[in-house]
Amino acid sequence: AFVSGDLDSGECMARLLVEAGAVVVSVAYPLAPEHRFPEAVEAGYVALQWTYKQRTKLGGQGARIYLAGDEAGGNLAAAIALIARDRAHPPLAGQILVAPMLDPCVGTASLRESMECATGCKWAEGWQQYLRGPMDAEHPYAVPGKATRLAGLPPALVLSGQDDPMRDEAMAYA
């Protein structure tokens, strides 16, 4: 939820991608509240640029780049894809977004159904710590779910489960 986690937090997804044959570059992004939007997104974009320059060394000739992330990491992956499109570099083969956090209103039915938000909600608190103010909630790099132009983005695999609190926002984005 933008405020906690480290490289070990993404170990499961990284391991699954490696088992599927991918070469994985994991990125520990700067956490809120010390580092609010757009710091994590820009750090991710810098990591993407580095990865693109190193792609042949890392993955061999013709290596393609995908962005992947879950929850807040899914938000950042989607945002970085938007930036790469808008800056016309680097080219991306796709996105893998797992239960992405895409709606700072945290008012979807799937989130309300979740018992996680019965007393305090880690996602609402995470958004409050991540965004600098209400205007950031309208910026597509902060909230890709609010993006009004998705044309030109690489294909996205958006994964969610029936009991996923982020299900409705993931489905809306997909």
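These numbers were taken from a predicted model, which means no experiment stands behind them. For the single chain, residues carry numbers from 1 onward in sequence order. What's counted below: heavy atoms across the whole structure, side chains too, no hydrogens, waters or symmetry copies.
- Between Glu42 atom CD and His35 atom NE2 the span is 14.5 Å, to the nearest 0.5 Å.
- Contact detail for Leu7 and Ala28: the closest heavy-atom pair is CD2-N, 3.5 Å.
- In this structure, CG on Asp164 lies 11.0 Å from CE on Met171, to the nearest 0.5 angstrom.
- Within the 4.5 Å cutoff, side-chain heavy atoms of Leu17 are placed close to those of Ile96.
- Of all the heavy atoms in Leu48 and Ala84, the pair that sits closest is CD2-CB, 4.1 Å.
- We find the CG-OH distance between Leu76 and Tyr45 to be 15.5 Å, quoted to the nearest 0.5 Å.
- A donor-acceptor pair is defined here as one N or O able to donate and one able to accept, closer than 3.5 Å; no such pair exists between the side chain of Arg55 and the backbone of Gly60.
- For the pair Asp8 (side chain) and Glu11 (backbone), a donor-acceptor distance under 3.5 Å is absent.
- Listed for the Arg167 side chain is a donor-acceptor partner under 3.5 Å among the backbone atoms of Gln162.
- Both Val98 and Leu157 are assigned to one and the same hydrophobic cluster, defined by single-linkage of ILVMFWY side chains at heavy-atom distances under 4.5 Å.
- Ring geometry for Phe2 versus Tyr130: interplanar angle under 30°, hence parallel rather than tilted (30 to 60°).
- A donor-acceptor contact shorter than 3.5 Å links the side chain of Ser110 to the backbone of Asp168.
- Taking both residues in full, the closest heavy atoms of Glu169 and Leu102 are given as OE2-N, 2.5 Å, listed atom of the first, atom of the second, then distance.
- In this structure, the side chain of Gln129 does not engage the main chain of Ala32 through any donor-acceptor pair within 3.5 Å.
- Hydrophobic clustering (side-chain heavy atoms under 4.5 Å, transitive across Ile, Leu, Val, Met, Phe, Trp, Tyr) groups Ile83 together with Tyr173.
- Rounded to the nearest 0.5 Å, atoms CE (Met166) and CG (Leu159) are 15.0 Å apart.
- For the pair Asp136 (side chain) and Arg132 (backbone), a donor-acceptor distance under 3.5 Å is present.
- The cluster map of Ile, Leu, Val, Met, Phe, Trp and Tyr, joined by side-chain heavy atoms under 4.5 Å apart, puts Ile65 and Ile80 in the same cluster.
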Validation: residues 66-74 side-chain donor-acceptor distances under 3.5 Å, sequence neighbours left out:
| from | atom 1 | to | atom 2 | distance (Å) |
| --- | --- | --- | --- | --- |
| Tyr66 | OH | Arg64 | NH2 | 3.1 |
| Glu71 | OE1 | Trp123 | NE1 | 3.3 |

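- Note on Trp50 and Val23: same hydrophobic cluster, where clusters join Ile, Leu, Val, Met, Phe, Trp and Tyr whose side-chain heavy atoms are under 4.5 Å apart, directly or indirectly.
- Note: the hydrophobic cluster containing Val27 does not contain Leu92 (ILVMFWY, side chain heavy atoms under 4.5 Å, direct or indirect links).
- Two residues are said to be in side-chain contact when any heavy atoms from C-beta on lie closer than 4.5 Å; Cys105 and Trp127 fail this criterion.
- The closest side-chain heavy-atom distance from Asn75 to Pro100 is not below 4.5 Å.
- Nearest heavy atoms, Gly126 versus Val3: CA-CG1, 4.1 Å.
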Under 3.5 Å, which donor-acceptor pairs link side chains of residues 141-153 to any protein atom two or more places apart or in another chain?
| from | atom 1 | to | atom 2 | distance (Å) |
| --- | --- | --- | --- | --- |
| Tyr141 | OH | Asp86 | OD2 | 2.5 |
| Arg149 | NH2 | Asp86 | OD1 | 3.1 |

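- Considering only residues two or more places apart in sequence or on other chains, Tyr29 meets the ring pair (Phe, Tyr, Trp, His ring centres under 6.0 Å) condition with none of them.
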